[in-house]
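One structure is given below, encoded as structure tokens.
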Amino acid sequence: MNRRQRLAIALMLISSTIILNWSYPYTTALGERLFEWIGLPVRSRDVSGFNYVGITSLLLLFAGLFTLRASLQRHARKITLLALILPFWLPPQLVTAYQMVWAKGIYALEYVRNETSCNFNKEENRATGTCSLTFINHSSQAIEFTASIRNQDLSASSFLGSLDILRDQTLIMPPKSKKTISVAFTKITSDPHNSVSGSFYGFDLTVKSGEQERDL
């Protein structure tokens with residue numbers, strides 16, 4: 001096998017790593033959806049355990065890096081190091097570039113999960129609180145949408161799980177901006193237990209605008 005063939009194989013292996021871990025516009029990586037479609041397990045256990053897609057990606061990446069290094073005559077160490085960084089750095093840059101140039105509506109939204117939280121207080125059968133949701137609108141147009149909390153383990157505040165605390169409010173993101181939107185809610189709950197207060201963070205969202213719907 002000559003050097004050109006090794007270089008082509010290396011590029012294919014490294015590109016496969018990027019493709020398997022690509023998730024935009026969804027939250028689930030393409031590799032996980034592919035495994036589920038084929039009928040292969042994604043993890044060794046339901047939620048915890050080894051992620052088989054991640055292990056496969058790492059094996060492909062290391063195989064690609066080894067083949068790349070063997071195909072190069074000059075600057076092999078520097079180029080291999082660059083190739084190691086590329087699969088982690090390039091995808092977010094490509095997504096941001098696409099959102100800024102071509103994406104429209106909710107597909108131009110970036111959800112800043114680590115800056116998002118909800119605080120609540122429950123007295124008897126009434127729950128009140130405020131959610132702070134942080135987004136970045138990469139497009140040049142304002143976006144109107146609704147949001148709902150998805151797949152959130154609320155632990156001690158499980159009574160909120162049956163309440164759609166965000167869906168009935170329309171949110172607006174100005175063009176080309178990052179903004180934290182405060183959403184106040186008051187809901188009646190059938191849970192008769194004692195008063196409780198608390199907060200939760202970093203939850204998944206589903207956003208909807210017209211016929212468009214997207215998980216974030």
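Looking at heavy atoms from C-beta onward, Y24 lies out of side-chain contact with E110 at the 4.5 angstrom threshold. Residues T80 and L84 are not in side-chain contact: their nearest non-hydrogen atoms beyond the backbone lie 4.5 Å or more apart. Looking at T180 and T134, their side chains come closer than 4.5 Å, going by heavy atoms from C-beta outward.
No option in L205, T206, D204 other than T206 meets the side-chain contact (heavy atoms from CB on, under 4.5 Å) test with S148.
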Verdict with supporting geometry, F135 and T116, side-chain contact (heavy atoms from CB on, under 4.5 Å):
CA-CA 9 Å; F135 299 94; T116 297; over 6 Å; no
Would you check, one step at a time, whether the test side-chain contact (heavy atoms from CB on, under 4.5 Å) holds for M173 with F145?
CA-CA 9 Å; M173 276 296 300; F145 60 98; 3.8 Å; yes
Determine whether V112 and N114 satisfy the following criterion, side-chain contact (heavy atoms from CB on, under 4.5 Å), listing intermediate values before the conclusion.
CA-CA 6 Å; V112 187; N114 61 356; 3.3 Å; yes
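By the rule that hydrophobic residues join a cluster once side-chain heavy atoms approach within less than 4.5 Å of another member, I106 and V101 end up as members of one cluster. Note on L30 and L60: separate hydrophobic clusters, where clusters join Ile, Leu, Val, Met, Phe, Trp and Tyr whose side-chain heavy atoms are under 4.5 Å apart, directly or indirectly.
Without hydrogens or angle criteria, S209 side chain to E144 main chain gives a donor-acceptor distance under 3.5 Å. Under a 3.5 Å cut-off, the side chain of Q99 and the backbone N or O of L109 do form a donor-acceptor pair.
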Distance-only donor-acceptor pairs under 3.5 Å for side chains of residues 7-17, two or more places apart:
unit_1, atom_1, unit_2, atom_2, d
S15, OG, L11, O, 2.7
S16, OG, M12, O, 2.8
T17, OG1, L13, O, 3.3
T17, OG1, S57, O, 3.3
T17, OG1, L61, N, 3.3

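Taking all atoms of both residues into account, the shortest heavy-atom contact from N137 to P174 is ND2-O, 3.0 Å. Taking both residues in full, the closest heavy atoms of L171 and A147 are given as CD1-CB, 4.1 Å, listed atom of the first, atom of the second, then distance. R77 and R69 make their closest contact through CA-NH1, 3.4 Å (heavy atoms, listed as atom of the first residue, atom of the second, distance).
Judged as a ring pair (Phe, Tyr, Trp, His ring centres under 6.0 Å), and not counting sequence neighbours, Y107 has no contacts.
Counting heavy atoms of neighbouring residues, nucleotides and ligands inside a 6.0 Å radius, atom CD of Q141 does not exceed 12 of them. Crowding of K176 atom NZ: a count of heavy atoms from other residues, nucleotides or ligands under 6.0 Å exceeding 12.
Here side-chain hydrogen bond (donor to acceptor under 3.5 Å, both in side chains) pairs that include residues 84-93, with residues two or more places apart or in two chains, number zero.
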